[in-house]
Amino acid sequence: MNATTDLPKEARIVIIGGGIIGCSTAYHLAQMGCSDVLLLEKHRLTSGSTFHAAGLVGQLRTNANITQLLGYSVELYRKLEQETGLATGWKMNGGLRLACNADRWIEVKRQATTAHSFGLEMHLLTPREAQDLWPVMDISDLVGAAFLPTDGQANPSDITQSLASGARKGGVQIRENVEVTGFEFDGDTVRAVETDAGRVRCEYAVICAGQWSQQLGRLAGVDIPLVSVQHQYLVTEAIAGVAPDLPTLRDPDRLTYFKEDVGGLVMGGYEPNPIPWAEDGIPDGFNFTLLDNDWDHFEPLMQQAIARVPALADAGIRQMYNGPESFTPDGNFILGEAPERNKLFVGAGFNAFGIASGGGAGMALAEWVHKGAPPFDLWPVDIRRFGQPHRDIEWVRRRTLEAYARHYTMAWPFEENTSCRPSRRSPLYETLRARGACFGEKLGWERPNWFAGSPEAARDEYGFGRQNWFDAVGREHRAARERVVLFDQSSFAKYRVSGPDAARALSWICANQVDVAVGGVVYTQMLNPRGGIECDLTVTRVGADEFYLVTGTGFATHDFDWIRRQLPPGGDVRIDDVTTAWAVLSLMGPKSRDVLQPLVRDDLSHENFPFARMRELSILGARLRALRVSYVGELGWELHVPVESALTVYQALMAVGADHGIVDAGYRAIESLRLEKGYRAWGADIGPDYTPLEAGLGWAVDLSSGKDFIGRAAILEQRQQPLKKSLACFTLPDPEVLLLGRETLYRDGERVGWLSSAGWGYTVGANIGFGYVRRADGVDRVFLESGSYELEVAGERFACQWQPGPLYDPGMLRMKC
Ligand SMILES: Cc1cc2nc3c(=O)[nH]c(=O)nc-3n(C[C@H](O)[C@H](O)[C@H](O)COP(=O)(O)OP(=O)(O)OC[C@H]3O[C@@H](n4cnc5c(N)ncnc54)[C@H](O)[C@@H]3O)c2cc1C
């Protein structure tokens, strides 16, 4: 039967792409009971990147849920053959990771601790022990190694065929040689896909088209920021000493990886000078196709590999592969419902770990489509993590090449990207630069991290100890506590929600009471139906029918998308992104009133301008919104200033502030200050997997007024049960220890969680860490205070103290460590 006559006219869910991701998504949809699923593949299954993957399956990532996703892949690959009858080539031979210098050894030890935090076994080995597992390697330069016994390897094409077979058995229809050429929408909701064999009406479309996804997304009006990059590896003839159970090996200091293959070795790596491919679009007919080998480009990796495995020098080369693969600007893949459309999903951009992720990513994507929400928080891979710069494919390419080149370089704490900068600049950028700002970058925005004083250089020097900015941030921190500082927070995402139904809509979406008098500022979470925290922001009522919402820079797309989708249908309410209309100058510290008061006619006394209020003020002709709020635990105002007046207002504040010792301060000081005050950070301490009750934010949930809101029922129900996890604060005074987050938390010797965020508190003089304490039977205050705690940091355990509340309150220092 030819494809045209055979093609169904309708399917509830159409998956585009028959690589491992499309087939895994189809398989899992079938497992979930969705049989009205059609998978379309423009050529043959596996003909994209999947057929030429090397097949290493590693699990450990820096995020617990993504690690869990990869762990799910391993579980699935273990049992798939039994279920479908098709071999997958799965071997759980473990994975080794080498360290050849002191810094790498710290990194590897920290990775082992992260593995322990996430419940993965990972052992630290001496060079000799590593060699026992990998006899063909030279260990003369080794400092140590780590071994993850449940890692493994598989045959990518076989796994994919096995998944496809499972999907077919579950009722999924698979059509090869059908190319999707366009989309039809009803408003913003997908209605059909167009193909070279006719139109297929559908309720959902899922783009799993590998490196073609970016082009396909454009046809749908959706930005999928990925580009193709060449990736090479070779396969040798048999080598003496290479046994079938040889673990996979990653040798980051030599930029290379290895796995066993029919008695020989697969060897590939990440060049520091990656070569982009198909910059003008992928040529037609690129199926089951490899690129020409580029020996010159590969040779430096080959030299590194021979130094590690001397037998490679004499081994015959069976084949060399140069395959293009899709990579993304931050090295993570892309999952979720496209924010520009409804019911159009994406699973793409797998950065050369699509085989490792395939099982878990397909499961998560299937559940996202089927239930309208992912199984757990997937923020690091969520398509809504991108923003304005990611719509420019040249920006995406340059940033992606940087990420590729850094795949195996040291992952320094606090490391910043260097490409494509500066892109988005606050009106104060040049001024702050001249005053010594060392900038970091978020979603394209340049943001001061800290300010160098003379003769310091405004440049981060990376390392695993205290870095060069430590003292400078301490100065800013103390100035905020003792005098007054100014933070440029212009990159905050800001939305205007307006219309006659705005108050009603926001009351439904927000957990706190936001239907307040004009001028009220409300800190609130927005919850999902499970009670998990989707957004964490302030809502200011600026008029009877108008609200001004302010959230974190990185959440611009995510929070806008969440709010837009929750607006009750048929209501007269709209949301507009007004981020670029307002600069934000945050004036914080005990002297902030003394600085602001002389510049305005209004009475700024506490009685007249209390906490959580907004007033419009005028400074030198600028009409601005002053919000009396704080994320650092001091008296202060966020001044939201029309962009064109930002510099004028900044200069006025600095001029008056000079008499009060005002200084510029940056984001690293904010982090230290907020840790002391116990303010939560979304994406670290709170997120969709945590409820306000678990996060200690129950006070910000309005259960008393009787208003209904998304997640209310879940919160009420949770109130009846013991909490299974609870966010807690810990201190560790030893300044030689560096807490960064992800350190393993033990209570009375038993693993109970890990740190969600951490840093140094300059006022309290200790490391501060926040983390959830987990226990199936419930966690309450008695349980928390009756335990003795330790933190595992880079493989070593240190005693730490549980702290009952915020460590710092102005006028009341509660610190006891
Ligand atoms: C050299 C190399 C080595 C690698 N090694 C590893 C490894 O060791 N471990 C690991 O985990 N990963 C590895 N990878 C990565 C892995 O191969 C990919 O991440 C994975 O195969 C991606 O799967 P996918 O389904 O997203 O894309 P693909 O396999 O590319 O599938 C996409 C499919 O969509 C189809 N398609 C595109 N457009 C359309 C359209 N308009 N209509 C219909 N169909 C369409 C394509 O034909 C293609 O079959 C490696 C990659 C390379 C290049």
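Just follow the structure's listing: the first ligand is 1, and inside any ligand the first atom is 1. Counting from 1, the numbers follow the sequence of the chain as shown.
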Do [X] and [Y] sit within salt-bridge range, that is, some charged N less than 4.0 Å from a carboxylate O?
{"X": "D6", "Y": "R175", "answer": "yes"}
{"X": "K91", "Y": "E260", "answer": "yes"}
{"X": "R78", "Y": "E75", "answer": "yes"}
{"X": "E367", "Y": "K371", "answer": "yes"}

- Task: May I ask whether L45 has any heavy atom positioned less than 4.0 angstrom from an atom of ligand 1?
- Result: no
- Does some non-hydrogen atom of S47 fall short of 4.0 Å from ligand 1?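 Contact check S47 vs ligand 1: positive.
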With only distance considered, is [X] within less than 3.5 Å of ligand 1 through an N or O on each side?
{"X": "A356", "result": "yes"}
{"X": "T50", "result": "yes"}
{"X": "I20", "result": "yes"}
{"X": "N287", "result": "no"}
{"X": "A348", "result": "no"}
{"X": "P324", "result": "no"}
{"X": "I16", "result": "no"}
{"X": "G22", "result": "no"}
{"X": "Y233", "result": "no"}
{"X": "G347", "result": "no"}

- Message: Between Y404 and H231, do the side chains contain a donor N or O and an acceptor N or O under 3.5 Å apart?
- Response: yes
- Heavy-atom side-chain contact between L142 and C100 under 4.5 Å: yes
- Flag the pair Q211 / F286 as yes when at least one side-chain heavy-atom distance between them is below 4.5 Å, and no otherwise. yes
- Stepwise salt bridge (charged side-chain N to carboxylate O under 4.0 Å, His left out) test for D223 and R218: CA-CA 6 Å; D223 284 304; R218 271 215 309 257; over 6 Å; no
Against heavy atoms of [X], which atoms of ligand 1 measure under 4.0 Å?
{"X": "W212", "answer": "30 (O), 37 (C), 38 (N), 46 (C), 48 (C)"}
{"X": "L40", "answer": "43 (C), 44 (N)"}
{"X": "C208", "answer": "32 (C), 34 (O)"}
{"X": "F350", "answer": "19 (O), 26 (O)"}
{"X": "L56", "answer": "7 (C), 8 (O), 9 (N), 10 (C), 11 (O)"}
{"X": "G323", "answer": "53 (C)"}
{"X": "I21", "answer": "23 (O), 24 (P), 25 (O), 26 (O)"}
{"X": "E325", "answer": "15 (C), 16 (C), 18 (C), 19 (O), 53 (C)"}

Evaluating non-hydrogen atoms only, which member of [options] is closest to [atom]?
{"atom": "atom 17 (O) of ligand 1", "options": "S213, A53, S357", "answer": "A53"}
{"atom": "atom 42 (N) of ligand 1", "options": "T195, V193, T248, V180", "answer": "V180"}
{"atom": "atom 27 (O) of ligand 1", "options": "G182, G210, S157", "answer": "G210"}
{"atom": "atom 6 (C) of ligand 1", "options": "C23, G362, A54, A209", "answer": "A54"}

- Message: Ignoring hydrogens, what is the shortest heavy-atom contact between E41 and S47? Give both atom names and the distance.
- Response: OE2-OG, 3.4 Å
- Item | Heavy-atom neighbours of D284 CG exceed 12 at 6.0 Å |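 Counting neighbours around CG of D284, 12 or fewer heavy atoms of other residues, nucleotides or ligands fall under 6.0 Å, so no.
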- Message: Classify the ring geometry of H407 against Y270: parallel below 30°, tilted from 30° to 60°, perpendicular beyond 60°.
- Response: parallel
- Item | Within reach of ligand 1, part of N351 (heavy-atom separation under 4.0 Å) | neither
Considering only protein heavy atoms, which is closest to [atom], and at what distance to one decimal place?
{"atom": "atom 13 (C) of ligand 1", "result": "A352 O, 3.3 Å"}
{"atom": "atom 33 (C) of ligand 1", "result": "E41 OE1, 3.5 Å"}
{"atom": "atom 43 (C) of ligand 1", "result": "K42 N, 3.2 Å"}
{"atom": "atom 53 (C) of ligand 1", "result": "H52 CE1, 3.1 Å"}

- Ring centres of F327 and W277 under 6.0 Å apart?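 No; W277 has its ring centre 6.0 Å or more from that of F327.
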- Task: In sequence, state the C-alpha distance, the side-chain angles, and the governing distance for K42 and N287, and then conclude on side-chain hydrogen bond (donor to acceptor under 3.5 Å, both in side chains).
- Result: CA-CA 9 Å; K42 72 177 168 57; N287 315 304; 2.7 Å; yes
- Task: Report yes or no: is the cationic atom of R61 (NZ for Lys, CZ for Arg) closer than 6.0 Å to the six-membered ring centre of F353, at no more than 45° off its axis?
- Result: yes
- Ring-face cation contact, Y204 with R12, 6.0 Å cut, 45° max: no
- Task: Check the pair T195 / E179 against side-chain hydrogen bond (donor to acceptor under 3.5 Å, both in side chains), numbers first and verdict last.
- Result: CA-CA 5 Å; T195 80; E179 179 165 359; over 6 Å; no
- All side chain to side chain contact (heavy atoms under 4.5 Å, CB included) counterparts of E394, not counting sequence neighbours: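 With sequence neighbours excluded, E394 shows a side chain to side chain contact (heavy atoms under 4.5 Å, CB included) to D392, R397, given in chain and number order.
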